[in-house]
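Working notes for the structure below.
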Amino acid sequence: MFGLDKKDTTLLLVVATLTILAPFLLNPFPTASGMAQFNAGYPDLMQRFVIFGIFAIGFNILFGLTGYLSFGHAAFLGVGSYAAVWMFKLFTYNVIPAIIMAVIIAGIFSLLIGFISLRRSGIYFSILTLAFAQMSFALAYSVLSNPKFNLTNGETGLQVYADDPQRFHHDGLPDLPHLFGLSMRSTYTMDVGAWSFDFNAGYYLCAAIMLGVFYLAVRIFRSPFGMMLRAVKSNQTRLNYTGLNTRPYTLAAFVISGMYAGLAGGLLAAMDPLAGAERMQWTASGEVVLMTILGGAGTLIGPILGAGFIKYFENIFSKINDNVLHQWFSFMPDGIENFMVFIVHPFVGKGWHLTLGILFMLVVIFLPGGLVDGGQRIGKWLRSRRGQKEDKTSGTTTPAE
Amino acid sequence: MGILEVKDVGIRFGGLQALSNVNLSVAENTVHAIIGPNGAGKSTLLNCFVGKLIPDTGSVMFDGQSVLGRAPYEINQMGISRVFQTPEIFGDLTVLENMMIPCFAKRDGAFELNALPNMMKQKDIVERAEQVLEEMNMADKRHEHAAAMSRGDKRRLEIGMCLSQEPRLLLLDEPTAGMARADTNNTIDLLKEIRDRGNITIAIIEHDMHVVFSLAERITVLAQGTPLVEDTPENIKGHPKVREAYLGESA
């Protein structure tokens, strides 16, 4: 279906089902229960899941296929955000032009940076992209924010003010980003017994776009272009001596992934009309590298899983404070309770990075292919067990394939 | 007038004059071997043909056009394919995918943003790749990972990849280096078959005299960066200058 083979269609349908049902799946605990803090089904976080999913899918087209490790992709995300907010400021709160502009500007920006950075490969390429991203950050944070020429509004971040032109804005439209009048913040809350589920317009817009670009990524992965990118990773010398010019291939991959990042940045601004320079900082660039590697670089679904994983940790683990810990361990004798809180404390709340770091190390060491690798191993193990059982019941041994 | 004309080529690396006054003409549809002791400049010369090195002096013409200053991919698109000393293949890809890439290069040129169609549905490419694999007797390995194959199979695949592009000139850089005897003989047989099929010019650099004398129709002996003699294999065998270059003056 859709020009995909059976396996990829299944994958696409699974991803579609999961994203559509996310408000249910991410809120498995009743609202009043103690476990409710592990619910991730609130609009803000669900939006982040899919937006950073888009960011990571795009990053994977560059890193997963060609092996070029960019440490500057957050710059394109930031540029996309700024472009979108400027569209809000100048023209309209409608998100469609803002998102389109975000993708275009990020594309142009990545063309420039890619053209220069791709003259080198390996660590030098990574360093070049890192340098460009930090330059962009410096530009956004201070240089392009002065009274004479204020493009980014520096530390405060770019936002929409009441005296902005907003040429096509008129009364009756929401004073927030909207899709032809449908506010991105509008949420329908469904209460079922003790549970409560949020259906948010912004989330579903992001989810629809993510499904679209995920589908596009699958097509790219299976196309001749995708195969050339894998060939770049495998052996550039052979590719050159086979009559193929690697430069435009890598540049195209770089620009495509830059546009994905710009799209993610535009969507972030569309959900919350604010763009800050910190979005471009190198830690943000590092985060998408972690997402991709954690989920499984070069796999289709990996980056989405990685993005969800990291965003979940960032938002859920960071909220567990000492009070919550005391509640958890309250069944223990006092001394032991305090001791347990003391032990767990560094790994939650502000220390969530520590937990993430440990998990990242475990994944990289034991599952070099990321979470997807883990899933495959479990699948293989289950299949071999089932195979053994069948062998026993039928009483014959079939040669292994 | 040969298909490959090398005139007065010289190249210097710092204090070393690696090549000087190299004149060479490879006639169309022949097998021309370039032999010589270690350090004679054979690989340097070959690198001048494919765009990896640009000589300081002289000219290299392929089919009437200069190859100097062109990038390797451009030279390949002109009709020169190269086989490396250690097989250069796409190790992470399957054998069939390895074979499809040169077919794409032949059909679509140096760059084509073909990002939406499914590669396996490009019927002409898949058919051509399967056909060459068949000719190479590798059809049963088509779904194997290229990196997991034996040295001989990798070499066979690499040669097949070059042939799938129907090059006019095939350059072989010590194609049997580091191979077991059986693999060497297989490679010789394969190259003989290619030669006898005709319509291809082969230039081969080789150390192994057994390989050279079973394939070549013409041999150039290179020593210290300059061609010593050029003749048929029969005449080269007994040539005193060649013996001198290989074995030293006293021999």
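Below, chain A is the first sequence line, B the second, and so on; all start at residue 1.
- The closest donor-acceptor contact from the side chain of B:Gln165 to the backbone of A:Thr242 lies under 3.5 Å.
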*When you look at A:Met228 and B:Asn114, which way does the side-chain contact (heavy atoms from CB on, under 4.5 Å) test go after all the steps?*
CA-CA 10 Å; A:Met228 294 307 171; B:Asn114 217 349; over 6 Å; no
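- The heavy-atom pair separating B:Ala110 from A:Tyr249 by the smallest distance is O-CE1, 3.5 Å.
- Between B:Phe84 and A:Arg238, some side-chain heavy-atom pair lies under the 4.5 Å cut-off.
- Heavy-atom distances place no part of B:Met78 under 4.5 Å from chain A, backbone and side chain included.
- Counting heavy atoms from C-beta on, the side chains of A:Asn235 and B:Phe90 come closer than 4.5 Å.
- Counted by atom type alone, A:Asn245 and B:Tyr73 present one or more donor-acceptor pairs between their side chains at under 3.5 Å.
- Residue-environment remark: CZ (B:Phe13) exceeds the threshold of 12 foreign heavy atoms within 6.0 Å.
- In this structure, the portions of B:Lys52 lying under 4.5 Å from any heavy atom of chain A include both its backbone and its side chain.
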*Evaluate side-chain contact (heavy atoms from CB on, under 4.5 Å) for B:Phe104 paired with A:Met227, printing each intermediate quantity in order.*
CA-CA 10 Å; B:Phe104 274 115; A:Met227 182 167 69; 3.5 Å; yes
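- Of all non-hydrogen atoms in B:Ile101 and A:Leu239, the two that sit nearest each other are CG2-CD1, 3.8 Å.
- A heavy-atom distance below 4.5 Å is not found between the side chains of A:Pro224 and B:Glu112.
- Atom CG of residue A:Asn240 and atom CG of residue B:Asn76 lie 9.5 Å apart, to the nearest 0.5 angstrom.
- Within the 4.5 angstrom heavy-atom criterion, no atom of B:Ile75 approaches chain A.
- Interface remark: of the candidates B:Gln122, B:Glu74, B:Met100, B:Glu158, B:Glu158 forms the most heavy-atom pairs closer than 4.5 Å to chain A.
- Contacts between A:Ala252 and chain B at a heavy-atom distance below 4.5 Å involve the side chain alone, from C-beta outward.
- Heavy atoms from other residues, nucleotides or ligands lying under 6.0 Å from CG of B:Asp124 number more than 12.
- If you measure heavy-atom distances from B:Glu97 to chain A, the contacts under 4.5 Å come from both the backbone and the side chain.
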*Step by step, work out the side-chain contact (heavy atoms from CB on, under 4.5 Å) result for B:Leu116 and A:Phe225.*
CA-CA 8 Å; B:Leu116 291 178; A:Phe225 175 68; over 6 Å; no
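- Smallest separation of non-hydrogen atoms from A:Ser234 and B:Asp92: OG-N, 3.2 Å.
- More than 12 heavy atoms of other residues, nucleotides or ligands shown are found within 6.0 angstrom of CZ on A:Arg377.
- By the 4.5 Å heavy-atom criterion applied to side chains, B:Val50 and A:Tyr241 are counted as neighbours.
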